[in-house]
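Protein chains get the first letters and strands the later ones, always in sequence-line order, with residue 1 at the start of each.
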Protein chains: 2
Amino acid sequence: MIRVMIAEDQGMMRDALALLLGMEDDIEVVAQTGDGEAILGVAREARPDIALLDVELPGRSGLDAVAELRRGGVAVLVLTTFARPGYLRRAMESGAAGFLVKDGPVEELAAAIRRVVAGERIVDPALAAAALTAGPSPLTGRERDVLAAALDGAAVADIAARLHLSESTVRNHLSAAIGKTRTRNRIEAAQLARDNGWL
Amino acid sequence: MIRVMIAEDQGMMRDALALLLGMEDDIEVVAQTGDGEAILGVAREARPDIALLDVELPGRSGLDAVAELRRGGVAVLVLTTFARPGYLRRAMESGAAGFLVKDGPVEELAAAIRRVVAGERIVDPALAAAALTAGPSPLTGRERDVLAAALDGAAVADIAARLHLSESTVRNHLSAAIGKTRTRNRIEAAQLARDNGWL
DNA sequence: GTTTTCCCATGACAAATGTCCTGGTTCCAC
DNA sequence: GTGGAACCAGGACATTTGTCATGGGAAAAC
């Protein structure tokens, strides 16, 4: 019996996946949560063989929990809406055993779970190619911070205050990020970075 | 037997919903599509009693299809990830019989379908309140266009070219939109408008 | 037939943004 | 211990953005 836990914030999707997986003879859903913060605690409690993690979760990204779950002997299958190369890269670097996009048919899911438990690694081939061509993030830590803060339309002064920096420094980081992403302003830069999973 | 069609772009969600609804004794899933353009054609073919429509679909928003389905005698239940007041408003004004957010448990879905078929209207109370307090969109048609074009970080010159306007006109529309939304720049204005479902 | 609203457009101005330069610090790698 | 990279900061400058005043045309409302 394969013990599975599910971390997914959309209630309807979470329930549906749990019900469907529960119908498989060799799979048992032992825990569910919609909260990123709760993942590790729930896993410690339920001791699953494998965890199904969404990337975008309230509280804490599923990606942040991968390494720790791995250390606890739990295999991780990352499940996401967005096919972002940087997500795949981070998931794999943290030791995830598989990366699945929610676009595919449900049958893929149970199959992927079985293959992961059997020791295989699962990756969408098209996405893997994209991750390789896009390369790793060219951004430095601070550039990342500044872009993330710029994403919602904050002015330079706001960003500076939020990060405890001078306005000059913020503008320098922004300019560098715009240059590296070959975009024309902070917004394009921030959105490109987000879409590549660099934030 | 209630004949249901599903328009939803996430394959896994679509399959899962179809399977779950198919397990109900009185519900039969007669058609599925992941393409907004295809909704009307599929509905004509399958002649469902009720259509489950996602808002964000490739090709065409589910909201655009509501009025026409309604005219064809098909009840519409709008199902969306995002609880945006403007979506609810538009759905209801186009004649949708219900509006459900994907956050809730799956049991809600079958129940909502039965109630809609019985002639009731289904609305999330919290969301209805938000829609009422937020009021209708204050934006004029052109302001809407300009904000939508600004959403991805385009410069004034780009927007002007895209909409065949002068740069001055674009700046005037943007300024008006910023004023109406009580935001501080085009980005905040565009994001607020998007989050309210005004685009 | 007048008022209102929306649309388009200009010009002028202040403010914010993006670029480039300089120069300082720390930390790591070779 | 030297070079490189990341970090912080300031100043100067051109460009872009946002605001405001003004005015004309079209359509709908009264």
Quiz prompt | Check: B:Arg3 side chain, B:Ala46 main-chain N or O, donor-acceptor pair, under 3.5 Å | solution = yes
Exercise. For atom CD of B:Glu45, decide whether the heavy atoms of other residues, nucleotides or ligands shown that lie under 6.0 angstrom number more than 12.
Key: no
Quiz item: Atom CG of A:Leu165 and atom C1' of C:dT25: how far apart are they, to the nearest Å?
Solution: 15 Å
Quiz item: Rounded to whole angstrom units, what separation is found between the CG atom of A:Asp158 and the P atom of C:dA16?
Solution: 10 Å
Exercise. To the nearest Å, give me how far apart CG (B:Asp145) and P (C:dC6) are.
Key: 14 Å
Self-check item: Of B:Ser166 and B:Pro138, the one whose closest DNA chain C nucleotide lies more 5'
Solution: B:Pro138
Quiz item: Nearest-Å distance, CD (A:Glu143) to C1' (D:dC7)?
Solution: 10 Å
Quiz item: How long is the span from the OG1 atom in A:Thr169 to the CD1 atom in A:Ile159, to the nearest 0.5 Å?
Solution: 12.0 Å
Quiz item: Within this structure, what is the CG-to-P distance between A:Leu139 and D:dC7, rounded to whole angstrom?
Solution: 10 Å
Practice problem: Determine the contact category for B:Thr169: base if any of its heavy atoms lies under 4.0 Å from a base atom, sugar-phosphate if only primed atoms, P, OP1 or OP2 are that close, otherwise nothing. | Solution: base
Exercise. Answer with yes or no whether the hydrophobic clustering places A:Val117 together with A:Met23; edges join I, L, V, M, F, W, Y residues whose side-chain heavy atoms lie under 4.5 Å apart.
Key: yes
Quiz item: Would you say D:dC7 has OP1 or OP2 under 4.0 Å from some side-chain N or O of A:His173?
Solution: no
Practice problem: Rounded off to whole Å, could you give me the CD-to-P distance for the B:Glu167 and C:dG11 pair? | Solution: 12 Å
Self-check item: Single-linkage hydrophobic cluster, 4.5 Å side-chain cutoff, A:Val30 and A:Leu40 together
Solution: no
Exercise. Choose from C:dA9, D:dG10, D:dC8 the nucleotide whose nearest atom is closest to any side-chain atom of A:Arg142.
Key: D:dC8
Self-check item: B:Arg90 CZ to B:Leu63 CG distance, which is reported to the nearest 0.5 Å
Solution: 5.0 Å
Self-check item: Atom-to-atom span, CD of A:Glu188 to P of C:dG18 - whole angstrom
Solution: 10 Å
Self-check item: Beyond-backbone contact of B:Asp35 with B:Leu57, side-chain heavy atoms, under 4.5 angstrom
Solution: no
Self-check item: Between D:dT16 (P) and B:Ile159 (CD1): distance, integer Å
Solution: 13 Å
Quiz item: Does NZ or CZ of B:Arg84 lie under 6.0 Å from the centre of the six-membered ring of B:Phe82, at an angle within 45° of the ring axis?
Solution: yes
Practice problem: Using only side-chain N and O atoms of A:Thr140, determine if any of them is under 4.0 Å from OP1 or OP2 of D:dC7. | Solution: yes
Self-check item: In one Ile/Leu/Val/Met/Phe/Trp/Tyr side-chain cluster, 4.5 Å: A:Met5, A:Val55
Solution: yes
So which protein N/O to nucleotides 17-22 of chain D N/O distances come out below 3.5 Å?
unit_1, atom_1, unit_2, atom_2, d
D:dT17, OP2, B:Val156, N, 3.3
D:dT17, O5', B:Arg186, NH2, 3.4
D:dG18, OP1, B:Arg186, N, 3.0
D:dG18, OP2, B:Arg186, NE, 2.7
D:dG18, OP2, B:Arg186, NH2, 2.6
D:dG18, N7, B:Arg171, NE, 3.4
D:dG18, O6, B:Arg171, NH2, 3.1
D:dT19, OP2, B:Ser175, OG, 2.9
D:dC20, N4, B:Asn172, OD1, 3.0

Exercise. Enter the inter-axis angle for the ends of the helix from C:dG1-D:dC30 to C:dC30-D:dG1 (five pairs per end, rounded to 10°).
Key: 40°
